[in-house]
Amino acid sequence: MTAPMTEPRALRWGLGVVLGVLALQASRLALHKAFSIDEFQYAHAAWLMAHGQVPYRDFFEVHFPLVYQVLAPLFRMLGDDPRNVLALRAAMLVPLAGACVSVFLLNRREGRVAALLAPVLLLCTPGFLHFATEVRPDALTAALFLGALAALAVQPGSARSSFLAGALLVASAWGSQKALFFGGLVVAVLLADLLVRRVTPPSLIAAPRAFFLGIGTAVCAVAAYLTVTGSWSAWWQWCFVWASEHQRHYPGFSWREYLVPALGEQPAFFVLACVGFVSTFPRLLKHPRTPDLLLFVAVPATFGAFALQRAPFPYSLLPFLGVLAPFAARGVLAVSSVLRTPVLRTLGLAGLVGLFAVQAARVEALLDGGGNARQREVLARIAVLTGPEDVVYDNSGGYVSRPHAHFYFYTDAYLRGSLAGLLSTEMPRALVEQGCVLRVDDLRTSGLPLVLRQFLDAHYLPHDGDLYLWGQRYRVPRDSGVLEDRFLAVRSDRYFVQPASTLETGALFIDGQRITTPEFPLSRGEHQVRYEGRAEAFQLLWLPRDAKRWTPRPGAPATYSRLF
């Protein structure tokens, strides 16, 4: 196919330079942008798989596990430091690079300029880059789906590209249930092409046998995993039966809630994509049996997978934005083709450069607020305060690489309502039985059942605004100066009294024995506490792994947990 515009070599080189700069910006974004709350949940699931646990069977999970399987080896190589979540972020640059290569290949028949423009526009799209650089199933799924479309668009096609397309379609589905919808529609079109065109060789799949062999190979790999891990039943129950129930009852919202802001944030991208989509349509009517048909079908398919969700969060737009990128590049060429004079072409080029600059600035704005510096400090503090064997609680897995206390290591809005009784009774019991010494405060803590929140407030005191360590506060009656109470030691370990001056202003007895030093060992279980003296208040606290006594800081601001 002839390129729709002349392609000056300088323009191609210029786009290549821009692409390189945007790739560096994406890398910087991945390493420094603040972590979204869900990323910790996914990172913890990957850490669990690195330690041999199986999703659905050993811990609560409703997402397909491919991203965890891909990232788990990093924890096996790097160890249990919570800060290794940053390595997972770096690893997500690989599927991002794959998505860029795929949209390049999808536009290759349009000419080199159109091919280069597609990844450039994709990396200039804040709505895409924001979530494509995060630890998310959607980011990997979008990249695999684009890869499948690119493999089907390779000209001339081969058995190898057909096999790869089939395998990537299954892999994208194993990455997220959402891909069953848009990937399934693409497969339906391919099957229809095979059935309708039985007389002539099919053109949408170069080698049908290799394509189905790719599908079969990937499906067998998934089946082997579920068989070896003995998780067929649990996988079906949580990812299909329970997920459908969850979809019906989740307190949802309209798809416009996040799509409209995305349109306002990057209007040029969507306008250009519409122009490219419309300009491609006449060619598709003349020659429908081309790879453009699949790309065309992918647009409503990926949008439908977003809009039909009960709660269409913005990360679900990733596949949709990905398939729009080739059309947006074609839209640029369509607009430039009507700019006949050198002056108009110069203005058009200046406008394109301005678009790149504006969008790049919006991407850079994602680093506002200090990026993930504070979050990395909290992760470093978790690594110092606890060991890899110490159980930690957070409703979103924010501890990343520490054991959790209960099967439901995270809950969403629907679960916190439907499992209120279980969370109120079983979770406190599990925290004590598992010897949970630290909890991380997050955005979802306030939504937990009141009984659980009361337990957390009574037994965990603020090390800072984000981390709470096991301990209990006491107020001594002013009239008598005598306190009779109890202290629950969550594990056999060392504890301390704070402030240490409590021992100088009175006498502290635990189980009838006077405490003479600020630090002391306690066996697991409940202990009798008696204090006689002038202190108004004191705390009994767990001594962290760094053996440093600490002072509770009530009222310190929480900064660790962020929604997006």
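Values reported hereafter were calculated over all heavy atoms of this structure, with side chains retained and with hydrogens, waters and symmetry mates removed. The model shown is predicted, which means the values in this text are computed figures rather than measured ones.
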Novice: Taking the six-membered ring for Trp, are the ring centroids of Phe240 and Trp235 within less than 6.0 Å of each other?
Specialist: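 Between Trp235 and Phe240, which both carry aromatic rings, the centre distance is below 6.0 Å.
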Novice: Testing the 3.5 Å rule here: is there a donor-acceptor pair between the side chains of Ser176 and Asp138?
Specialist: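 Per modelled atom types, Ser176 and Asp138 side chains form no pair under 3.5 Å.
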Novice: What orientation do Phe303 and Phe306 show, parallel under 30°, tilted 30 to 60°, or perpendicular over 60°?
Specialist: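 Ring orientation of Phe303 relative to Phe306: tilted.
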Novice: Look at Arg381 together with Asp466 and state whether they make a salt bridge at an N to O cut-off of under 4.0 Å.
Specialist: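 No, no charged N to carboxylate O under 4.0 Å.
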Novice: Under 6.0 Å from the CZ atom of Arg160, do we count more than 12 heavy atoms belonging to anything else shown?
Specialist: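 No, CZ of Arg160 has 12 or fewer neighbouring heavy atoms, counting only those of other groups under 6.0 Å.
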Novice: To the closest 0.5 Å, what do you measure between CZ (Phe64) and CH2 (Trp174)?
Specialist: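 Between atom CZ of Phe64 and atom CH2 of Trp174 there are 6.5 Å.
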Novice: So which atom in Arg444 and which in Ser396 form the shortest heavy-atom distance, rounded to 0.1 Å?
Specialist: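 Where Arg444 meets Ser396 most closely, the heavy atoms are NH1-OG, 3.0 Å.
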Novice: Please determine whether side-chain contact (heavy atoms from CB on, under 4.5 Å) holds for the pair Leu379 and Tyr560, giving the CA-CA distance in whole Å, both sets of side-chain angles, and the decisive distance to 0.1 Å.
Specialist: CA-CA 9 Å; Leu379 292 169; Tyr560 182 66; 3.2 Å; yes
Novice: Looking only at heavy atoms, what is the nearest atom pair of Ser561 and Asp441, with distance?
Specialist: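 Closest pair (atom of Ser561, atom of Asp441, distance): CB-O, 4.3 Å.
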Novice: Would you say the side chains of Arg545 and Thr386 form a donor-acceptor pair under 3.5 Å?
Specialist: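 Arg545 vs Thr386: no donor-acceptor pair found between side chains.
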Novice: Nearest 0.5 angstrom please: Asp442 CG to Leu448 CG, how far?
Specialist: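 Asp442 atom CG to Leu448 atom CG measures 7.5 Å (nearest 0.5 Å).
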Novice: Does the side chain of Gln177 come under 3.5 Å of the side chain of His63 through a donor N or O and an acceptor N or O?
Specialist: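 Judged by distance alone, the side chains do not pair up.
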Novice: Which atom names give the shortest non-hydrogen contact between Tyr258 and Pro312, and what distance separates them?
Specialist: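 The pair with the smallest heavy-atom distance is CD1-O, 3.6 Å.
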Novice: Checking salt bridge (charged side-chain N to carboxylate O under 4.0 Å, His left out) for the pair Lys548/Asp546: CA distance, chi angles, key distance, verdict?
Specialist: CA-CA 5 Å; Lys548 294 182 179 178; Asp546 61 357; 5.0 Å; no
Novice: Tell me whether Asn372 contacts the main-chain N or O of Phe35 through its side chain, where contact means a donor paired with an acceptor under 3.5 Å.
Specialist: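 Not confirmed, Asn372 side chain does not pair with Phe35 backbone.
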Novice: Looking just at side-chain N and O atoms, do Asp394 and His404 make a donor-acceptor pair shorter than 3.5 Å?
Specialist: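 Distance-only check fails for Asp394 and His404.
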Novice: Quick one: CZ on Arg136 to NE2 on His130, what's the gap to the nearest 0.5 Å?
Specialist: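 Interatomic distance, Arg136 CZ to His130 NE2, rounded to 0.5 Å: 7.0 Å.
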Novice: Under a 3.5 Å cutoff, is there a donor and acceptor pairing between the side chains of Gln434 and Tyr393?
Specialist: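 Per modelled atom types, Gln434 and Tyr393 side chains form no pair under 3.5 Å.
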Novice: Can you tell me if Asp80 and Ser401 form a side-chain donor-acceptor pair at under 3.5 Å?
Specialist: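 Looking only at side-chain atoms, Ser401 and Asp80 do not form any donor-acceptor pair under 3.5 Å.
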Novice: Between Ser36 and Glu134, does any side-chain donor sit less than 3.5 Å from a side-chain acceptor?
Specialist: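 Note: Ser36 and Glu134 side chains meet the donor-acceptor criterion.
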Novice: Taking side chain as C-beta onward, heavy atoms only, is Gln237 less than 4.5 Å from Trp232?
Specialist: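 No, too far: nothing below the 4.5 Å cut-off.
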Novice: Show the nearest heavy-atom pair for residues Ser424 and Pro449, with the distance to one decimal.
Specialist: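 Where Ser424 meets Pro449 most closely, the heavy atoms are OG-CB, 3.2 Å.
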Novice: For the atom pair CG (Leu461) and CH2 (Trp470), what is the distance rounded to the nearest 0.5 Å?
Specialist: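 Rounded to the nearest 0.5 Å, the CG-CH2 separation comes out at 10.0 Å.
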Novice: Will you find, in the side chains of Ser316 and Lys178, an N or O donor that is under 3.5 Å from an N or O acceptor?
Specialist: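 Checked: Ser316/Lys178 side chains pair up, N/O donor to acceptor below 3.5 Å.
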Novice: Keeping the roles fixed (side chain from Ser492, backbone from Arg524), state whether a donor-acceptor pair exists under 3.5 Å.
Specialist: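 At least one qualifying donor-acceptor pair exists.
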Novice: Show me the pairs that pass side chain to side chain donor-acceptor pair (under 3.5 Å) and involve residues 86-104, at least two apart or across chains.
Specialist: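 Those involving residues 86-104 are Glu39-Arg89.
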Novice: Name every donor-acceptor pair, under 3.5 Å, that has one atom in a side chain of residues 246-254 and the other anywhere in the protein, sequence neighbours excluded.
Specialist:
unit_1	atom_1	unit_2	atom_2	d
His246	NE2	Asp412	OD2	2.5
Arg248	NH2	Glu245	OE1	2.3
His249	ND1	Glu245	O	2.9
His249	ND1	Glu245	OE2	3.3
Ser254	OG	Arg256	N	3.1
Ser254	OG	Arg256	NH1	3.4

Novice: Out of curiosity, Leu317 CG to Trp255 CH2, how far, rounded to the nearest 0.5 Å?
Specialist: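 The distance works out to 10.5 Å.
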Novice: Within the 3.5 Å criterion, strictly below it, is a donor on Gln498 or Trp550 matched to an acceptor on the partner's side chain?
Specialist: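 No, Trp550 and Gln498 have no side-chain donor paired with an acceptor closer than 3.5 Å.
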Novice: Using the ring of each side chain (for Trp, its six-membered ring), is Trp242 parallel, tilted or perpendicular to Phe60, with breaks at 30° and 60°?
Specialist: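 It falls in the perpendicular class, over 60°.
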Novice: Are side-chain N/O atoms of Ser231 and Arg57 paired as donor and acceptor at under 3.5 Å?
Specialist: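 There is no such pair between these side chains.
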Novice: Out of curiosity, Phe145 CZ to Leu318 CG, how far, rounded to the nearest 0.5 Å?
Specialist: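 Output value for this atom pair is 13.0 Å.
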Novice: Hey, which of Val437, Leu438, Leu431, Leu469 is the one that makes side chain to side chain contact (heavy atoms under 4.5 Å, CB included) with Tyr460?
Specialist: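 Testing Tyr460 for a side chain to side chain contact (heavy atoms under 4.5 Å, CB included) against Val437, Leu438, Leu431, Leu469 leaves exactly one candidate, Leu431.
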